[in-house]
Amino acid sequence: MPSVKVDLADHSYQVEITAHSLSAPKETSAFLSSKQFAIISNQLVADLYLEDLLKSLPSDSEVITILVPDTEQSKSFEQFIRLHTKLLEARFSRSSSIIALGGGVVGDLAGFVAATLHRGCNFIQVPTTLLAQVDSSVGGKTAINHATGKNLIGSFYQPNIVIIDPSTLSTLDDRQYAAGMAEVIKYGFIEDEHFLAWLDKNKEHIRNKDDRTLELMIARCCSIKAAVVSADEKEKGIRVLLNLGHTFAHAIENISGYGIWLHGEAVAVGMLLAAKLSVEHQWMKAEHYFKLEQLIKYFNLPLKLTAKINVDEVIDAMYLDKKNLNKDLQLVLPIKPGLSEVKSWTDENYLHKLITGFIPEK
Ligand code: NAD
Ligand code: GLY
């Protein structure tokens with residue numbers, strides 16, 4: 001059973017990755033000897049997995065379940081306050097545990113509630129989407145949205161443990177699964193050439209959601225993320241590399257209205273845009289671009305933008321990126337598989353030409 005440590009001095013934790021493990025009773029240490037648990041989830045995920053999760057909790061514990069609507073809009077101040085009210089009414093204390101059962105929406109919201117209830121209570125991530133299993137459940141970013149933008153109110157708050165059961169992905173729809181694969185491909189490109197080759201070799205098993213292959217794939221992603229987060233928990237330096245393709249992606253999501261593009265779909269095109277820029281400036285060989293494009297295509301992720309996208313709006317939205325330094329864009333650019341760099345970018349005319357090249361002709 002693969003297990004990855006996120007090494008963070010006084011708040012290190014394990015990420016346990018085992019297929020069909022959701023209902024298996026855990027060692028007491030996994031549940032921190034808590035006697036009170038709140039499972040935060042949504043109806044769709046609860047119908048599929050709540051019963052299994054309940055089986056794994058200590059039999060003498062008090063458990064409440066709180067469901068939130070299945071939408072990005074749940075990362076809101078209203079849901080945040082509603083959850084706090086329910087937990088305080090149930091007399092939750094700092095030693096009680098909040099369990100996030102679901103995708104990144106549930107994880108980000110429940111994590112921010114856990115970070116703020118009595119200034120921080122126990123927090124367990126049980127991610128059930130591929131994106132959440134390889135990215136959002138590990139690393140401690142928690143947040144809700146504000147009317148002016150996504151994830152603007154939040155904190156770094158690490159979970160006590162992350163429990164991943166890759167077999168939960170069997171019920172995830174193809175589009176969401178593919179979106180998670182964009183983040184998987186990203187890890188190969190930023191950190192690990194061998195992993196990128198492994199993905200290519202195992203792509204059929206991955207597409208067929210073979211349990212053992214998924215355990216290995218998710219464990220490799222989590223260990224790459226764990227190493228980056230251990231070195232730079234609060235994103236003052238190398239953690240920014242996890243944002244390959246994301247400056248383009250956030251802008252595309254932002255101007256299209258959230259939900260039109262799934263995050264991973266926008267990341268796929270964003271990585272291609274970043275890679276094309278690198279090739280056209282002789283920082284990366286064209287053969288690496290084609291390798292990236294092949295993988296993205298194999299997993300049915302988009303290779304192009306849509307005709308509706310307005311290039312000026314994309315560029316304006318890129319200037320809202322949190323990573324920007326003064327007025328300059330900071331782009332994470334691939335150099336070769338396993339190596340990416342952050343570069344300041346000022347040439348807007350070039351960006352215009354680059355993005356236009358990704359819009360299909362009418
Ligand atoms: P999501 O949480 O909206 O889940 C996608 C859909 O899949 C939902 O309808 C959900 O109910 C459903 N679902 C979940 N598990 C399922 C399963 N096993 N079977 C069937 N259906 C299932 O989307 P997501 O992509 O997981 O997360 C997106 C969110 O994550 C965004 O809010 C984004 O900002 C955030 N995020 C956070 C981080 C971070 O580091 N904290 C990183 C990336 C993204
Ligand atoms: N999803 C990018 C990060 O956690 O830093």
Side-chain angles (χ1 to χ4, degrees), residues 72 103-105 127-136 166 169-192 195-210 213-214 217-218 220-221 224-225 241-279 284 286-309 314 331-334 337 340 354-355 357-360:
E72 177 70 30
V105 166
T128 61
T129 62
L130 182 56
L131 179 129
Q133 294 184 351
V134 298
D135 187 4
S136 62
L169 301 179
S170 62
T171 52
L172 193 65
D173 72 41
D174 291 347
R175 196 175 160 203
Q176 294 285 351
Y177 187 67
M181 280 309 299
E183 298 286 355
V184 174
I185 295 167
K186 175 196 81 177
Y187 285 115
F189 236 82
I190 52 177
E191 278 291 330
D192 187 343
F195 180 52
L196 203 63
W198 182 92
L199 285 179
D200 195 33
K201 197 165 153 217
N202 289 280
K203 55 186 188 287
E204 272 182 51
H205 292 315
I206 297 169
R207 197 150 70 178
N208 296 332
K209 301 185 181 171
D210 170 67
T213 310
L214 290 186
M217 179 182 87
I218 293 165
R220 186 65 198 121
C221 294
I224 293 171
K225 181 148 188 189
L241 294 178
L242 295 175
N243 288 299
L244 175 64
H246 283 56
T247 305
F248 294 104
H250 287 146
I252 295 161
E253 288 177 271
N254 199 349
I255 63 155
S256 308
Y258 287 101
I260 302 294
W261 284 76
L262 295 181
H263 176 66
E265 294 169 341
V267 167
V269 183
M271 286 193 293
L272 287 172
L273 281 156
K276 178 71 87 186
L277 187 155
S278 271
V279 171
M284 187 173 85
E287 68 195 69
H288 302 316
Y289 179 89
F290 295 124
K291 174 59 53 201
L292 177 66
E293 191 182 49
Q294 263 174 12
L295 273 174
I296 286 177
K297 190 171 176 191
Y298 182 84
F299 288 106
N300 292 323
L301 286 158
L303 301 170
K304 291 267 177 200
L305 295 165
T306 57
K308 279 192 185 148
I309 297 266
V314 177
L331 297 180
V332 181
L333 298 174
S340 297
L354 173 74
I355 298 168
F358 276 75
I359 295 188

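Bear in mind that the values here come from a model prediction, so they are computed numbers and not experimental data. Each residue takes its place number in the sequence, starting with 1.
- Of the inter-residue distances, the one linking Leu273 atom CG with Leu277 atom CG reads 8.5 Å to the nearest 0.5 angstrom.
- Residue Asp174 places its CG atom among 12 or fewer non-hydrogen atoms of other residues, nucleotides or ligands, all under 6.0 Å distant.
- To the nearest 0.5 Å, atom CD1 of residue Ile185 and atom CG of residue Leu292 are 7.0 Å apart.
- Scanning both residues, Pro166 and Ile218, for their nearest heavy atoms gives CB-CD1, 3.8 Å.
- At least one side-chain heavy atom of Leu242 sits under 4.5 Å from a side-chain heavy atom of Ile190.
- Between Arg220 and Met217 the shortest side-chain heavy-atom distance does not fall below 4.5 Å.
- The cationic group of Lys276 lies under 6.0 Å from the six-membered ring centre of Tyr289 and within 45° of the ring axis, placing it in a cation-pi geometry.
- Note that the CG atom of Leu131 and the CE atom of Met181 stand 12.0 Å from one another [nearest 0.5 Å].
- Taking the ring pair (Phe, Tyr, Trp, His ring centres under 6.0 Å) definition, one finds that Phe358 meets it with nothing, sequence neighbours left out.
- Smallest separation of non-hydrogen atoms from Val332 and Ser340: CG1-CB, 4.1 Å.
- Using a 4.5 Å heavy-atom cutoff, the side chains of Val269 and Trp261 are in contact.
- In this structure, Glu204 places its CD atom where only 12 or fewer heavy-atom neighbours from other residues, nucleotides or ligands lie under 6.0 Å away.
- Cation-pi contact between Arg207 and Tyr298: present, with separation from the ring centre below 6.0 Å and deviation from the ring axis of at most 45°.
- How far CD of Glu191 is from CD1 of Ile224: 6.0 Å, rounded to the nearest 0.5 Å.
- The two residues Ile359 and Ala307 have their closest heavy-atom pair at CG2-CA, 3.9 Å.
- Considering only residues two or more places apart in sequence or on other chains, Ala132 meets the side-chain contact (heavy atoms from CB on, under 4.5 Å) condition with Pro127, Thr129, Ser136.
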Give the table of side-chain donor-acceptor pairs shorter than 3.5 Å for residues 248-255, with sequence neighbours excluded, one pair per line with atom names and distance.
residue: His250; atom: ND1; partner: His246; partner atom: O; Å: 3.3
residue: Glu253; atom: OE1; partner: His263; partner atom: ND1; Å: 2.9

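- In plain terms, the two heavy atoms of Leu244 and Ala274 that are nearest each other are CD1-CB, 4.3 Å.
- Heavy atoms only, all atoms of each residue included: Pro337 and His288 are closest at CD-ND1, 3.3 Å.
- Thr171 places none of its side-chain heavy atoms less than 4.5 Å from the side chain of Thr128.
- Closest non-hydrogen pair, Ser278 versus Pro334, comes out as OG-O, 2.7 Å.
- Between Val134 and Lys225 there is no side-chain heavy-atom pair separated by less than 4.5 Å.
- Although no hydrogens or angles enter the test, the distance criterion places a donor-acceptor pair under 3.5 Å between the side chain of Asp173 and the main chain of Arg175.
- Within a 6.0 Å sphere centred on NZ of Lys297, heavy atoms belonging to other residues, nucleotides or ligands number 12 at most.
- A 4.5 Å side-chain heavy-atom check between Leu214 and Gln133 finds every atom pair outside the cut-off.
- For the atom pair CG (Leu199) and CG (Asp192), the distance works out to 9.0 Å, reported to the nearest 0.5 Å.
- A distance of 10.5 Å separates CG of Leu333 from CG of Leu241, quoted to the nearest 0.5 Å.
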